[in-house]
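Scroll down for the structure; my scribbles are underneath it.
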Amino acid sequence: MSQHTRSWRHATVALALCGAAAVVVVAPATPAAAAVPGLVRISAVSATNSNDFRTVTATCPAGKVLTGTGYELNGAAGEAIVDDLRPNGGVATAPTAVTVGAYEADPFAGNWSVTAYAICANPVPGLVRATVTSASNSNDFRSAIASCPAGKVLTGAGYELNGATGEAVVDDFRPNGGPATAPTALTVEAYEADAFAGNWSVTAYAICANPVPGLVRAVVTSPTNSNDFRSAVAPCPAGKVLTGAGYQLNGATGEAVVDDFRPNGGPATAPTSDTAGAYEEDAFAGNWNLTSYAICATA
């Protein structure tokens, strides 16, 4: 065999081996991991009766943490006010539960209850709770902004009315951010529902984590009119899931009550939207509307 023929055969074998090696190393792409794995919605319901005050706590399953909150007043139809939507946790501790407390706005003979909703997930890196409280006095209006620590983003939120006991209503529970921007802060604004001489304040709670892939804020606003009831459903964009939510009453200035602040989902299902519903607390002739905010991350 000539030297030329041997060289040609060796080159052919080498090319074949290279081709075989190329085939071996090719593998299908791995699907992207969920930004917030293990996301579910947990609920707990208080007793149903005609007492003036209700409270209930929804706790995440063992091994999960709280990313967002929600509530529902059942049977009150504008006659009760959520005074306390309080995640536990702290500046160095991940929240794992939310407590909801509600008072009758005026004496109400009917039976009613309150449901607390906890949006829970597998441990989220850097999850903490930030807190800011407004001044305490007898003014008609209060505002507090809770910002996440530098480098963190807002996954969910809560609030607390201190000293009002049913005499004030949260009008604005608003995460910042946008359709392409992760929220990083929460604004809570509250008005007295009726004239109230006592001192009171508002606390804003921000649930914050290290940057979460795909985190954005979606918005839907109801029609504007003078009807007694408003509802708005904010869905997450396709391919995203709900980590938390917020709402805003526009034009009511203490004359309407958010009765329903409800993430969908369940104990085995990731939420993907939030429903907000509001009633006039007393008859109100002005036009008003309701905005629902959804905080969403990559599924």
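Position 1 is the first residue of the sequence, and the numbers go up from there.
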TODO: Applying side-chain hydrogen bond (donor to acceptor under 3.5 Å, both in side chains), run through S136 and S201 and close with a yes or a no.
DONE: CA-CA 5 Å; S136 180; S201 66; 4.6 Å; no
Backbone of [Y] reached by a side-chain donor or acceptor of [X] within 3.5 Å:
| X | Y | result |
| --- | --- | --- |
| T55 | V100 | yes |
| K64 | T96 | no |
| R230 | W288 | yes |
| R129 | A92 | no |
| S226 | G286 | no |
| S138 | N199 | no |
| R41 | Y117 | no |
| T59 | A97 | no |
| N225 | N227 | yes |

Under 4.5 Å between side-chain heavy atoms, counting indirect links through other Ile/Leu/Val/Met/Phe/Trp/Tyr residues: same cluster for [X] and [Y] or not?
| X | Y | result |
| --- | --- | --- |
| V98 | L73 | yes |
| Y279 | V233 | no |
| V212 | V241 | yes |

[atom1]-[atom2] distance between [X] and [Y], expressed to the nearest 0.5 angstrom:
| X | Y | atom1 | atom2 | value |
| --- | --- | --- | --- | --- |
| C296 | L242 | SG | CG | 5.5 Å |
| L66 | L127 | CG | CG | 7.5 Å |
| E160 | T99 | CD | OG1 | 9.5 Å |
| R142 | N137 | CZ | CG | 4.0 Å |
| T115 | R54 | OG1 | CZ | 11.5 Å |
| Y71 | D84 | OH | CG | 11.5 Å |

Taking C-beta and beyond as the side chain, do [X] and [Y] meet within less than 4.5 Å on heavy atoms?
| X | Y | value |
| --- | --- | --- |
| I145 | S147 | yes |
| N162 | T133 | yes |
| T272 | P263 | no |
| P271 | I119 | yes |

Please tell me whether [X] and [Y] have a donor and an acceptor in their side chains that are separated by less than 3.5 angstrom.
| X | Y | result |
| --- | --- | --- |
| D83 | T165 | no |
| T48 | N74 | no |
| N287 | T224 | no |
| N289 | S222 | no |
| T67 | T155 | no |

Applying disulfide (SG to SG under 2.5 Å), which residue pairs with at least one partner in residues 87-136 are found, sequence neighbours left out?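 Matches after skipping sequence neighbours: C60-C120.
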Practice task
Could you name each residue pair satisfying salt bridge (charged side-chain N to carboxylate O under 4.0 Å, His left out) that touches residues 164-175, not counting sequence neighbours?
Solution key: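 As it turns out, the salt bridge (charged side-chain N to carboxylate O under 4.0 Å, His left out) pairs with a partner in residues 164-175, which skip direct neighbours, are D172-R174.
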Q: Begin with the C-alpha distance, continue with both residues' side-chain angles, and end with the deciding distance and a verdict on side-chain contact (heavy atoms from CB on, under 4.5 Å) for D282 and F284.
A: CA-CA 6 Å; D282 291 311; F284 174 58; over 6 Å; no
Given V170, which partner from the list V257, V188, V258, L249 fulfils the side chain to side chain contact (heavy atoms under 4.5 Å, CB included) test?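 Only one option passes, and that is V188.
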Testing the basics here: between [X] and [Y], what is the closest heavy-atom pair and its distance to 0.1 Å?
| X | Y | answer |
| --- | --- | --- |
| P61 | I42 | CD-CG1, 3.7 Å |
| A234 | A294 | O-CB, 3.6 Å |
| S231 | T275 | OG-CG2, 4.3 Å |
| V128 | G90 | CB-O, 3.5 Å |
| Y247 | A276 | CB-CB, 4.4 Å |
| A105 | I81 | CB-CD1, 3.7 Å |

message = Tell me if the aromatic rings of Y159 and F173 count as close, with their centers under 6.0 Å from one another.
response =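 Yes; F173 has its ring centre under 6.0 Å from that of Y159.
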(request) Can you run down the side-chain hydrogen bond (donor to acceptor under 3.5 Å, both in side chains) pairs that involve residues 184-193, sequence neighbours left out, and say none if there aren't any? (result)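 Applying side-chain hydrogen bond (donor to acceptor under 3.5 Å, both in side chains) to every pair that reaches into residues 184-193, excluding sequence neighbours, yields N176-T184, E192-W200.
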Checking V45 against V56 for the side-chain contact (heavy atoms from CB on, under 4.5 Å) test, could you report, in this order, the C-alpha distance in whole Å, the side-chain angles of both residues, the deciding distance, and whether it holds? CA-CA 6 Å; V45 184; V56 65; 5.7 Å; no
